[in-house]
Amino acid sequence: MTALAATTVAAGAGIVAAITAQPAAAAAGCGVTYTVASQWNNGFTANVSVRNLGDPLTSWTLTWAYANGQQVTQAWNATVSQSGGQVTARSVSYNGSLGTGATTSFGFNGSWSGTNSSPTSFSLNGTTCTGAPVTGNPTSSPTTPNTSPSVPPSSPPPTGSPAWGRGLPPAGAAHSMAYHIVAASDGTGYTPRANECSREIHARYWTYGPDGKVYPTWHPPRDPSGCSFGHEHGDDPRTSDLYSTASWPPFGYTSEVMLDSMPQSSHRHEDHVGHKVLAVNNSNVIQGDNGTSFFPPQGTVIATCDILLKFHQGTHSPDAFSNNVHELLLNQRCTASNGGQVTEARYNAMIPLGRAGGFSPSECPGFGGQFINVQSAVPADSPSDTRSLGRLITEPGCVQAIREGRTHNDPLYPNPVPFTVSDMDDFWFSDVSVTGSGLNFRIAPLFYVVNPSRYYDPSKPNRLGRIVDLCYTDLAGGDYCNQVRQITQQTGQQIAWDDPRSPFKGTLREFRPGSFSVQNSGPTTVYTDVYGRNASSTPFTGSIRQYFSGNGGTTMYVRGSTKDYGSNSADGIRAPN
């Protein structure tokens with residue numbers, strides 16, 4: 001996506017203000033800033049900021065018109081509808097109240113063809129924008145923008161989800177953007193196919209986040225009623241020994257902190273289906289293990305670890321080609337075998353995986369080859385991780401290696417074997433740390449997906465190639481392609497990339513927490529920004545509460561587990577997943 005300059009719609013010059021035709025006693029006005037944050041060959045992302053310059057509002061409706069046939073396809077933080085070129089955006093439950101001088105914002109994705117000109121006029125609650133309040137000065141002094149400070153509340157927010165899987169959130173509960181996208185009638189985060197669970201059933205799987213807002217959370221592949229969701233989120237958190245402390249993971253919490261406390265250019269939002277949970281109890285840590293071997297070495301067990309983490313890793317879309325920050329919600333506790341020293345971390349952050357803007361080739365044709373620069377990352381100010389291999393994704397070099405019959409060492413075979421289409425894996429590495437007064441925390445995880453549904457191909461729309469399509473070429477296919485070709489021989493139909501029968505759907509994953517160490521002689525509660533930086537003993541605007549306990553003397557390597565979450569065909573799991 002190409003970052004574009006913000007477009008401020010004005011009458012005359014400057015920020016637009018809207019007037020209302022209400023009685024003269026009600027001062028009215030607003031400012032609107034319309035920003036095309038990114039644009040590609042047939043789509044774009046826009047952000048809209050609305051400032052109320054008049055008397056307080058309890059709800060709002062913003063309207064505008066497109067002159068070139070643009071269509072809104074997905075929105076967040078507003079309910080958006082469109083008739084022809086006329087667009088209407090209405091407030092949602094948590095941002096309808098706007099005090100004098102307060103600001104709210106929403107965003108959307110759209111499609112365009114030919115020209116993508118910005119709207120020339122906006123109306124707020126039925127009145128055209130002009131640039132200033134109608135009746136002079138507001139009846140009360142302007143206030144600061146209405147952004148949630150993301151500082152932990154003075155009283156504990158509600159926790160858990162008393163109606164998980166059985167009912168919707170209480171009326172009036174504040175919804176996160178992540179929940180709105182999957183639950184709202186106009187949301188596109190979950191769009192069921194025929195015979196799949198309805199949007200309302202999906203919306204029953206929610207939890208409260210640390211900020212007291214409602215978030216989507218883990219759900220099984222199928223609802224107890226028998227319907228399938230078409231995607232999976234990994235392990236059931238309730239199976240973890242850490243669940244009593246960690247509870248349900250709030251999907252998209254760090255993105256919400258960004259939304260509440262950072263400028264629009266710094267926001268990062270991730271699709272719903274990419275949130276994956278790992279729950280492992282009593283994972284053995286072997287002395288001398290450094291993770292370089294595929295299988296753990298034989299040796300003395302020096303510690304056992306319980307792991308409950310949620311990581312966002314989509315392997316179906318072009319997002320990871322350039323965007324390197326992804327949400328990690330980590331809960332990990334390790335107990336040393338000699339003496340019982342316990343080290344524990346509860347860490348929530350957007351972690352960087354390699355450099356922003358691109359990636360490196362995967363194991364086919366060779367781990368970590370030359371960096372492929374794709375485009376500007378979103379957000380553009382994403383930090384980079386320069387200590388790990390970053391994101392390794394297959395690209396045309398792998399197709400060429402398969403065609404040439406090149407070989408590689410596979411730990412499952414004694415001798416080198418040829419590459420096949422079934423070797424087009426994703427390996428995502430990271431290496432992050434938090435340091436402060438008396439604190440040194442580090443984790444260097446690996447997130448490995450054996451059967452992603454996409455690969456990088458700059459010759460295709462959105463640079464998005466579908467691996468299953470390669471099974472119908474003259475390339476050596478391997479086991480997965482053998483399954484695909486057998487189905488086609490039986491049915492006479494080619495398997496689509498999002499067909500539940502396709503084995504390429506991102507369900508076979510190895511998640512390793514990897515190198516892990518906690519050395520903390522200070523307070524166990526620490527506050528950081530969304531990237532785990534600026535550690536402080538006191539909360540600040542945009543901070544996330546973290547927990548680090550223990551003083552382990554050495555770094556240990558934690559293996560995690562390998563599982564196929566799509567092994568049950570009755571679950572109906574398919575890409576995108």
Side-chain angles (χ1 to χ4, degrees), residues 176 178 207 209-210 215-218 233-235 237 240 242 245-258 268-280 283 305-315 319-320 323-334 344-354 356 377 379 382-385 387-391 426-435 441-449 506 509-518 526-533 535 543-548 558-561:
S176 65
T207 189
Y215 289 84
T217 190
W218 183 89
H233 295 297
D235 291 322
S240 171
L242 302 178
T245 300
S247 191
W248 300 105
F251 295 171
Y253 168 63
T254 53
S255 293
E256 191 76 9
V257 176
M258 284 179 156
R268 171 83 168 110
H269 304 297
E270 299 179 297
D271 63 44
H272 173 73
V273 297
H275 296 290
K276 307 302 183 186
V277 175
L278 173 70
V280 178
S283 177
C305 298
D306 298 328
I307 307 111
L308 176 57
L309 66 81
K310 194 287 304 178
F311 179 65
H312 188 279
Q313 184 177 27
T315 56
D319 178 80
N323 299 328
N324 71 318
V325 292
H326 297 263
E327 184 181 60
L328 173 66
L329 308 180
L330 171 72
N331 297 272
Q332 184 162 308
R333 181 175 59 210
C334 297
E344 184 172 2
R346 304 172 205 156
Y347 176 64
N348 301 342
M350 282 286 188
I351 64 169
L353 299 103
S382 299
S384 286
D385 152 39
R387 295 188 296 270
S388 79
L389 291 174
R391 298 170 329 287
D426 271 24
F427 292 83
W428 294 18
F429 295 86
S430 185
D431 193 334
V432 296
S433 59
V434 179
T435 59
F441 162 73
R442 177 182 175 232
I443 187 169
L446 163 63
F447 305 101
Y448 169 32
V449 180
R509 300 189 293 272
E510 179 177 4
F511 276 13
R512 297 186 187 180
S515 299
F516 174 77
S517 63
V518 178
V526 176
Y527 300 89
T528 71
D529 64 16
V530 294
Y531 293 119
R533 304 172 303 193
S543 66
I544 294 177
R545 183 174 181 169
Q546 319 283 12
Y547 177 90
F548 305 104
V558 184
R559 285 275 171 171
S561 73

Does any N or O in the side chain of Arg545 come within less than 3.5 Å of the main-chain N or O of Tyr527, such that one atom is a donor and the other an acceptor? no

Okay, side chain of Ser240, backbone of Leu308: is any donor-acceptor separation there less than 3.5 Å? no

Does the Ser283 side chain pair with the main chain of Cys305, one donor and one acceptor, at a distance under 3.5 Å? no

Evaluate the criterion side chain to side chain contact (heavy atoms under 4.5 Å, CB included) for residue pair Asn331 and Ile307; output intermediate values, then yes/no. CA-CA 6 Å; Asn331 297 272; Ile307 307 111; over 6 Å; no

The ring pair (Phe, Tyr, Trp, His ring centres under 6.0 Å) partners of Trp428 (sequence neighbours excluded) come to His326

Can a side-chain donor-acceptor contact be found between Glu256 and Ser176 if the only test is distance below 3.5 angstrom? no

Sub-3.5 Å donor-acceptor pair from the side chain of His312 to the main-chain atoms of Val325, do we have one? no

Run the salt-bridge test on Lys310 and Asp235 with the 4.0 Å N-O cut-off and return the result as yes or no. no

Between Gln332 and Ala345, is there a donor-acceptor pair closer than 3.5 Å when you use the side chain of the first and the backbone of the second? no

How many angstroms lie between CZ in Phe548 and OG in Ser517, if you round to the nearest 0.5 Å? 10.5 Å

Is there a donor-acceptor contact under 3.5 Å from the side chain of Ser430 to the main chain of Pro352? yes

Short N-O contact, Asp426 and Arg391, less than 4.0 angstrom: no

From Ile351 atom CD1 to Ile443 atom CD1, the distance as rounded to the nearest 0.5 Å: 7.5 Å

Taking the side chain as everything from C-beta on, heavy atoms only, tell me whether Val432 gets closer than 4.5 Å to Arg442. no

Does Glu510 reach the main-chain N or O of Ser561 with its side chain, forming a donor-acceptor pair under 3.5 Å? no

Is there side-chain contact between Pro250 and Leu329, with heavy atoms separated by less than 4.5 Å? yes

Between Thr207 and Trp218, is a side chain to side chain contact (heavy atoms under 4.5 Å, CB included) present by the stated rule, with each step listed? CA-CA 9 Å; Thr207 189; Trp218 183 89; over 6 Å; no

Would you check, one step at a time, whether the test ring-ring contact (aromatic ring centres under 6.0 Å, His included) holds for Tyr347 with Phe441? CA-CA 10 Å; Tyr347 176 64; Phe441 162 73; 5.2 Å; yes

Take the angle between the ring planes of His275 and His233 and call it parallel below 30°, perpendicular above 60°, tilted in between. tilted

Side-chain touch Val277/Leu309, heavy atoms, less than 4.5 angstrom: no

Check: Pro383 main-chain N/O paired with Asn324 side-chain donor or acceptor under 3.5 Å: yes

Between the CG atom in Leu330 and the CD atom in Gln546, the distance rounded to the nearest 0.5 Å is 9.5 Å

For residues Tyr531 and Ala349, report the shortest heavy-atom separation together with the two atoms involved. C-CB, 4.3 Å

Ring centroids only, cut at 6.0 angstrom: are Tyr215 and Phe251 within range, meaning strictly under it? no

With side chains defined as the heavy atoms from C-beta onward, is the minimum distance between Phe311 and Leu353 less than 4.5 Å? yes

Side chains of Val526 and Tyr547, heavy atoms from C-beta outward: is any pair under 4.5 Å? no

Between Trp248 (side chain) and Pro237 (backbone), is there a donor-acceptor pair under 3.5 Å? no

Pairing residues for Arg346 by the side-chain hydrogen bond (donor to acceptor under 3.5 Å, both in side chains) criterion, not counting sequence neighbours: Glu344

Using the rule given for side chain to side chain contact (heavy atoms under 4.5 Å, CB included), can you reason through Asp431 versus Phe429, listing the C-alpha separation, both sets of side-chain angles and the distance that settles it, and then say yes or no? CA-CA 7 Å; Asp431 193 334; Phe429 295 86; over 6 Å; no

Side chains of Arg509 and Phe447, heavy atoms from C-beta outward: is any pair under 4.5 Å? no

Are side-chain heavy atoms of Glu270 and Met350 found at a separation under 4.5 Å? yes

Over all heavy atoms of both residues, which pair between Gly560 and Val280 is shortest? Give the atoms and the distance, please. C-CG2, 4.2 Å

Do Leu328 and Asn348 come within less than 4.5 Å of each other through their side chains, counting heavy atoms only? no

Just do the side chain to side chain contact (heavy atoms under 4.5 Å, CB included) check on Phe427 and Leu446 with the steps written out, would you? CA-CA 7 Å; Phe427 292 83; Leu446 163 63; 4.2 Å; yes

